[in-house]
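Take a look at the structure set out below.
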There are 2 protein chains.
Amino acid sequence: MPRTARNPVDTRRRLLEAATRAIREKGFVATSVDDICAAAGVSKGAFFHHFADKEALAIAAAEAFAARAAELFDDPSLDAAATPRDRLFAYVALRKSMLDGEMADVTCLLGTMVQEVWETHPAIRDACALGIGGHAGGLVDTIAAAKADHAPGADWEPESVALHTQAVIQGAFILAKAAGDTAVAVDSLSHLERYLKCLLPVAGSRGG
Amino acid sequence: MPRTARNPVDTRRRLLEAATRAIREKGFVATSVDDICAAAGVSKGAFFHHFADKEALAIAAAEAFAARAAELFDDPSLDAAATPRDRLFAYVALRKSMLDGEMADVTCLLGTMVQEVWETHPAIRDACALGIGGHAGGLVDTIAAAKADHAPGADWEPESVALHTQAVIQGAFILAKAAGDTAVAVDSLSHLERYLKCLLPVAGSRGG
DNA sequence: AGTTTCATACCGACTAGACGGTTTGTAAAT
DNA sequence: ATTTACAAACCGTCTAGTCGGTATGAAACT
């Protein structure tokens, strides 16, 4: 099925991709509609045909980003994990490996936007909150199962730990942007790994 | 010494305070010079008399914010700590207690700005990096001393742990902004506390 | 003591350009 | 014939930054 020059699905996807890239680089406010149109190779008319306004595009981009993040849980390295605990560490390792690349390609669109517009654009904030919270939610069952296996009586909640992993990841991105280097983010994820080992000790071993 | 209507030091301070508040609420790009002037109760002429441009103000605000953050280490609760380990936990407890208040009053100007302008305004990024890195640096000696006391042979570096504390704090702010509630940030700092207990075990006790 | 000089501190109208969004027009598909 | 999918000129608003001007006070000069 050859695609013609006029392909609304493709146009929309190009706009979302261009917006995602630009916002990850410059933030939501500094990214102009003209910027996005130019990067996507479409006209302003096309932009406002597909999206009511700039805010609507941001929300759609946030939803698309969250959907892609959810796909992380389908990664082969997670499926290969024999236990919930292994699966959790496979997730963190995957996140770590994803830090290899250009800054704007590895950082989180949701964290970037919500920090900027949490007060001024509640609809965007909610979309970001849903994405981040939903992603954390995707970890809760795994963490709960690992807890049942390794620390059934511990006084922490799987949901709280899941949110903490996202906090560490988001904070790691901020340090990386400040330092101009993702290495510091890798370091922080290593601390997260160590913490999770501490929360989920394997019998007959110490969490060093 | 009664102050006259013309007081450059006061004018500058008012501009810095107004800018800090506005940027914490809306971000650097969305905060206009007119906004800041109105909030500070000064004219645009005064603004550009004291600062070369908007970027220069942001850098000055970042430096002032970092200086105030450095004062945290003078807090009585830290001085009262008997050991480096106690001092470290007093710091985290202090950061936790500081989360009680309006969102824009508790979040970090540096983390907010650097996430937005890391690519577009290198000078601001550097000022933020210096502030965050410097604050982390203020913890390194304490962490190193605590390590010497409680985990001399452990395979982690005090500097890396210090940076990780800042990553957790920054990430906690992002989750808080997304959720519209600082409670999730408190939770994350509690996990940080637990991690530090795990890194610095007290003899004859488990890190539960 | 009175006057001139000068730098600092500040005011607010103004400008040039960028911005989000609208409108008008058109061409393909159904 | 109507709807969909775009193109691009256009519009009012907002922006950072400029500029000519004024008020103040201290120092220099007479």
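- Look at NE2 on His121(B): it is 10 Å from P on dA16(D), rounded to the nearest Å.
- Rounded to an integer number of Å, the gap from Asp10(B) CG to dC10(C) P is 9 Å.
- In this structure, Leu57(A) atom CG and dG20(C) atom P are separated by 11 Å, rounded to whole Å.
- Put simply, the residue from Ile36(B), Thr31(B), Ile124(B), Thr20(B) that forms a side-chain contact (heavy atoms from CB on, under 4.5 Å) with Leu57(B) is Ile36(B).
- Between Leu109(B) and Phe65(B), the shortest heavy-atom distance links the atoms N-CZ, 3.5 Å.
- Of the residues in residues 27-36 of chain A, those with a non-hydrogen atom less than 4.0 angstrom from any atom of DNA chain C are Thr31(A), Ser32(A), Val33(A).
- The distance from atom CZ of Phe47(A) to atom P of dA5(D) is 16 Å, rounded to the nearest whole Å.
- One interatomic measurement links the two molecules: CZ of Phe51(B) to P of dA9(C), which rounds to 12 Å at whole-angstrom precision.
- Phosphate contact (OP1/OP2 of dC10(C), side-chain N/O of Thr11(B), threshold under 4.0 Å): present.
- The side chain of His49(B) places an N or O atom within less than 4.0 Å of a non-bridging phosphate oxygen (OP1 or OP2) of dA9(C).
- Judged by distance alone, with hydrogens and angles left aside, the side-chain atoms of Glu116(B) form a donor-acceptor pair with the main-chain N or O of Val29(B) at under 3.5 Å.
- Rounded to an integer number of Å, the gap from CZ of Phe48(B) to P of dC19(D) is 12 Å.
- Side chain of Ala46(B), nearest nucleotide from dC11(C), dA8(D), dG17(D): dC11(C).
- For the pair Arg95(A) and Asp75(A), the salt-bridge criterion is not met [side-chain N within less than 4.0 Å of a carboxylate O].
- Of the side-chain N and O atoms in His50(B), one or more sit less than 4.0 angstrom from OP1 or OP2 of dC10(C).
- Looking at Glu193(A) and Lys197(A), no side-chain N of the basic residue comes within less than 4.0 Å of a carboxylate O on the acidic one, giving no salt bridge.
- The pair Glu17(A)-Arg13(A) meets the salt-bridge criterion, with a side-chain N (NZ, NE, NH1 or NH2) lying under 4.0 Å from an Asp/Glu carboxylate O.
- Nucleotide dT22(C) holds its P atom 8 Å from the CG atom of Asp53(A), rounded to whole Å.
- Remark: the Lys44(A) side chain and the dG21(C) base include a donor-acceptor N/O pair separated by less than 3.5 Å.
- At a cut-off of 3.5 Å, with distance as the only test, no side-chain donor of Tyr91(B) or Arg87(B) sits close to an acceptor on the other residue.
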